[in-house]
Amino acid sequence: MRKLLTSKWFIILVTVLILIVIIGVGFIPGSPVRNLVKPVSGLASPVQGFVKNIGDMIGDARSALFDGIAIREENESLKEQIAQLQYSLTQSEEAAIRYEELKDALHIKDTFSKYDVYGVAILSRDADEWFSVIRVDAGSRDGVDLGSGQAYAVVDVEMNLVGRVIETDATNSKILTLMHESFRVSCKVNEVNGAYVTMSGDATLKKNGLCLLTDINPDVVLEEGDVIVTSGEGGLFPEGIPVGTVEAVDYSDPLNVTATLRPYTDVSQLKDVFIMIPVQDEEGETDGAPDTTESEALR
Amino acid sequence: MRRFPFRQVIAYTVYIILVFCIQVSYSSEMSFMGQIPDLMFVFTVLTAYYFGFRDGVIVGLILGLLRDCFCAPCVTGLDGSLVVTCGIGMLVMFLAASVASAFFTGRMKRNVPFSFVTVAVVTMLYKLSGYVLTVFWYMTVSRAGNAESFTDHIVRSLLPQTGLNLLAAVPLVFLLKFLGPYKRGPAKNREDDKIISGEGNWVTY
């Protein structure tokens with residue numbers, strides 16, 4: 001018996017079986033398996049943050065040493081830009097006053113007025129092409145509390161779509177980026193009565209930094225350079241978040257017209273992102289995004 | 001009574017923290033052709049190759065757990081909703097360590113050139129089995145998303161990843177050989193997997 005228990009093959013078999021059971025149980029909705037590993041995440045996060053800070057400090061010190069001349073030139077250029085922007089600002093203030101007057105008169109809604117936007121820093125990135133969820137430093141303690149069937153849109157500093165929050169714990173949240181094969185969102189061409197399409201990640205295209213557009217009506221003429229924004233259908237994401245531009249359209253199969261899309265955002269270059277959380281009204285109901293299932297969210 | 005292995009625990013702890021932190025914090029800086037050198041995977045493979053099954057699977061399971069906590073795979077589940085998986089990282093690392101510990105046993109243990117061969121072969125096995133599982137998942141279970149073609153996977157994923165992992169193996173081999181968890185020198189008999197550790201001694205029981 002002792003020989004069996006210490007046999008390498010027996011250990012491999014038992015461990016593999018246990019791990020397969022853990023993976024299988026993890027697929028059951030509401031499974032507690034992920035809660036079991038959260039303490040590990042809580043312990044490892046500060047250590048990872050500490051090492052990352054040291055790495056960033058070394059990087060900053062290196063930049064301070066080698067980028068001095070470039071920074072001086074950039075500073076001069078920025079001073080000129082500030083002067084120009086100051087002039088534009090003065091002009092815009094007058095326009096803003098007029099806009100507010102017209103907004104009240106015409107009942108114009110601000111695009112994202114029903115969303116609070118939380119700035120968060122990216123803590124950890126994908127380990128390889130399959131282990132590809134990003135972690136950010138805000139969790140339920142910071143107000144990023146994901147209810148069942150909900151998803152929060154994640155955007156970059158220019159309000160371009162980055163992905164969606166798929167899991168939160170007390171201090172961290174996990175983000176699925178728009179390049180991931182499992183990511184799908186209903187979009188439309190950004191023009192009056194623009195055509196509806198579905199944008200999804202694609203294993204092949206993502207290596208070129210592209211995404212896939214499907215569910216394109218064959219009667220619709222999509223052109224290279226068309227701007228694609230979220231449609232807001234299903235209520236998962238707010239309407240009008242810029243996603244990217246059409247790179248190429250394939251009409252070879254009239255029943256399955258597809259196109260490639262180049263996203264505006266470059267996920268690998270991002271250090272900070274913004275989570276859009278629907279504002280809760282006084283009765284505790286969310287104004288911006290109603291609870292919805294995955295399938296409803298698409299259309 | 002066996003002495004508590006302070007050196008091993010400290011060395012493995014430091015390396016696991018370093019490897020995991022660099023992997024998840026600076027992956028975009030290390031990226032090449034859309035692939036990232038997988039330091040966690042390479043470290044597990046090399047540990048198993050040099051120091052045997054027991055060390056390999058312990059290191060592999062710890063790194064796999066951290067991988068599952070920080071960057072777990074996300075898949076479309078049976079009901080169409082997105083599921084952040086748990087346990088796949090541990091399974092991958094455990095199997096990688098098991099395979100690597102079985103490589104070039106006999107008279108080749110601790111041979112540096114063969115450690116690179118091991119890294120390359122285990123990486124290829126990982127990428128191929130990952131591809132097969134992904135295609136299977138898309139075709140039979142999830143029915144969402146598209147898997148890449150096999151040729152694309154070989155040219156744009158397997159080969160660059162193998163190359164990057166071989167590059168990543170260079171500093172890790174150096175660390176494990178010269179600043180590793182075991183002292184270089186006379187061999188010591190370790191009963192767990194019947195492997196003699198010790199620089200220059202390749203003979204195993």
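Quantities reported herein were computed from a predicted structural model and do not represent experimental measurements. Atoms considered below: every heavy atom in the structure, side chains included; atoms not considered: hydrogens, waters and symmetry mates. Residue numbers start from 1 in every chain, and the chains themselves are labelled A, B, ... in the order their sequence lines are given, proteins ahead of strands.
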Go through the atoms of [X] and report whether side chain, backbone, both or neither lie under 4.5 Å from a heavy atom of chain A.
X	result
B:Phe20	side chain
B:Leu39	neither
B:Ile22	neither

Quick check for you: among [options], which has the greatest number of heavy-atom pairs under 4.5 Å with chain A?
options	answer
B:Leu91, B:Val92, B:Val84	B:Val84
B:Gln23, B:Met90, B:Arg156, B:Gln161	B:Arg156
B:Leu18, B:Asp152, B:Thr85, B:Asp38	B:Thr85

Q. Between A:Gly26, A:Gly24, A:Gly55, A:Gly49, which has the largest tally of heavy atom pairs under 4.5 Å with chain B?
A.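 Between A:Gly26, A:Gly24, A:Gly55, A:Gly49, the count favours A:Gly55.
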For this session: Heavy atoms only, distances under 4.5 angstrom: which of A:Ile122, A:Asp56, A:Ile20, A:Leu205 has the most pairs with chain B? Name it, please.
Result: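 The answer is A:Asp56.
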Ordered numerically, the heavy-atom neighbours of chain B under 4.5 Å found in residues 9-17 of chain A are A:Ile11, A:Ile12, A:Thr15, A:Val16
Could you tell me which non-hydrogen atom of B:Cys74 sits nearest to which non-hydrogen atom of A:Ile166, and how far apart they are?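 Scanning both residues completely, I find the closest heavy atoms to be SG-CD1, 3.6 Å.
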Toward chain B, the part of [X] with a non-hydrogen atom under 4.5 Å:
X	value
A:Asn172	neither
A:Asp169	neither
A:Ile23	both

- Task: Could you grab the distance from atom OG of A:Ser124 to atom OH of B:Tyr26, nearest 0.5 Å is fine?
- Result: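 Interatomic distance, A:Ser124 OG to B:Tyr26 OH, rounded to 0.5 Å: 12.0 Å.
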So CE of B:Met93 and CG of A:Leu19: to nearest 0.5 Å the spacing works out to 12.5 Å
(message) Walk me through whether B:Phe94 and A:Ile18 qualify under side-chain contact (heavy atoms from CB on, under 4.5 Å).
(response) CA-CA 12 Å; B:Phe94 176 79; A:Ile18 291 170; over 6 Å; no
side-chain contact (heavy atoms from CB on, under 4.5 Å), paired with B:Val24, selected from A:Arg125, A:Arg135, A:Gln48, A:Lys52: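 For B:Val24, the side-chain contact (heavy atoms from CB on, under 4.5 Å) check succeeds only for A:Gln48.
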- Message: Run the side-chain contact (heavy atoms from CB on, under 4.5 Å) test on A:Phe27 and B:Val75 for me, step by step, so that the C-alpha distance in whole Å, both residues' side-chain angles and the decisive distance to 0.1 Å come before the verdict.
- Response: CA-CA 10 Å; A:Phe27 275 99; B:Val75 296; 3.4 Å; yes
Handout entry: chain A neighbours within residues 63-71 of chain B, where any heavy atom lies under 4.5 Å away
Key =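 So far as heavy atoms go, B:Leu65, B:Leu66, B:Arg67, B:Asp68, B:Cys69, B:Phe70, B:Cys71 are the residues that approach chain A to under 4.5 Å.
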